[in-house]
Amino acid sequence: MSAIPGPLQSMVFRNQDLPELFHHTDAVAVARQREAARTTWAQLTLLVAGAVPAALPYRWTVASDIQLPHALAALAYLGALVATVVAARRRAKSHWQLNRSAAEFIKSNCWRYAVHGAPFDSSVVHPEAVFASRLEEGLQELRKVGWADPREELSGTDSGLITPSMRDLRARAFTVRKETYIRDRLIEQRRWYSRRQRASRHSAFVWSTVVGALTVPALGLSLAQTFGAGLSFGLTGVLSAVAAACLAWHEMRRHHPLVSAHSLIETDLESMQAAMETTLTERQWAAAVFETERIVSPEHTDWLARHRM
């Protein structure tokens with residue numbers, strides 16, 4: 001953490017000022033997210049590949065009686081089964097979500113502590129003890145549902161408690177803490193949600209267009225066959241399989257729900273920023289920080305994505 005020259009020595013608080021436990025958990029979440037995406041993509045690709053031989057208008061026989069295209073299809077289906085078994089054993093998606101929840105929980109509590117947000121407001125007599133207790137309670141709940149606590153691996157490093165930068169920011173005047181929180185936490189989160197909203201909207205458009213582009217020719221071929229006007233050599237089935245795979249990927253990534261959820265969160269953060277910069281008093285500060293952290297929590301995003309139409 002560094003200081004910006006000025007009358008109140010405004011502080012800059014970044015992710016690198018957070019404890020090692022956050023960085024480790026965040027890295028695991030990113031790695032498991034990528035693994036889950038790669039596994040799902042591989043499964044869908046192999047299932048589509050298995051459907052292709054049925055669309056071929058010719059047969060390629062090797063060793064007198066082996067149909068090579070169908071042998072390749074069998075290998076593709078076998079690969080899909082293997083990928084499914086590996087995914088079930090690795091549980092990458094579950095570990096991704098648990099580690100993301102843990103990382104964001106740690107980050108949120110660190111920010112609350114550093115800027116006197118509830119439940120670590122200025123009236124707390126022993127904020128360090130309260131912080132340690134709250135952090136342990138939350139991580140214990142995550143351990144109950146399968147989160148692998150890495151703190152034994154991190155022995156000899158800061159295992160997730162209070163960093164010098166957090167103490168430094170907590171010791172600053174209210175105006176410094178407020179400015180730092182608004183700039184380095186609230187505004188940064190607004191920008192992140194804005195970027196994710198644009199990315200999700202673009203992806204939703206692309207994948208919806210792809211599904212439509214594959215469905216239209218499949219419909220045309222089906223109508224042609226209905227009236228005996230054309231042959232498809234199984235192409236209709238391939239188009240349908242590819243469209244289904246694209247749709248499954250689109251739904252797995254939840255592009256449409258996240259557009260709406262991120263838009264609502266960005267709006268709520270904009271309102272919180274306006275209040276913090278104008279009418280909010282020091283007495284109201286702790287509750288306002290608590291509410292801001294609730295808004296940016298993964299659980300709140302997931303709830304909005306599930307229920308927003």
_Please enumerate all residues that pass side chain to side chain donor-acceptor pair (under 3.5 Å) together with Asn15, with sequence neighbours excluded._
Lys107
In terms of side-chain heavy atoms, does [X] have a donor or acceptor partner in [Y] at a distance below 3.5 Å?
X      : Y      : value
Arg190 : Ser194 : no
Gln33  : Arg100 : no
Thr84  : Gln43  : yes

*asked:* Do the side chains of Arg112 and Glu293 get close enough for a salt bridge, i.e. N-O under 4.0 angstrom?
replied: no
*asked:* Can you tell whether the side chains of Arg134 and Glu137 come within less than 4.0 Å, N to carboxylate O?
replied: no
*Cluster overlap Val210 with Val259, hydrophobic side-chain contacts below 4.5 Å*: no
*Using a 4.5 Å cut-off on heavy atoms from C-beta on, say whether the side chain of Leu139 contacts that of Ile106.*
yes
*Could you give all pairs that pass the ring-ring contact (aromatic ring centres under 6.0 Å, His included) test and reach residues 168-190, with sequence neighbours left out?*
Trp111-Tyr181, Phe174-Trp285, Tyr181-Trp285
*Verify, without hydrogens or angle tests, whether Glu104 (side chain) and Ser101 (backbone) share a donor-acceptor contact under 3.5 angstrom.*
no
_Tell me if a side-chain donor or acceptor on Thr25 pairs with a main-chain N or O of Ala102 at a distance below 3.5 Å._
no
*asked:* Given the ring of Tyr113, does Arg170 sit roughly above its face, with NZ or CZ under 6.0 Å from the centre of the six-membered ring and within 45° of the axis?
replied: yes
_Just checking Phe290: does its CZ atom have more than 12 heavy atoms from other residues, nucleotides or ligands closer to it than 6.0 angstrom?_
no
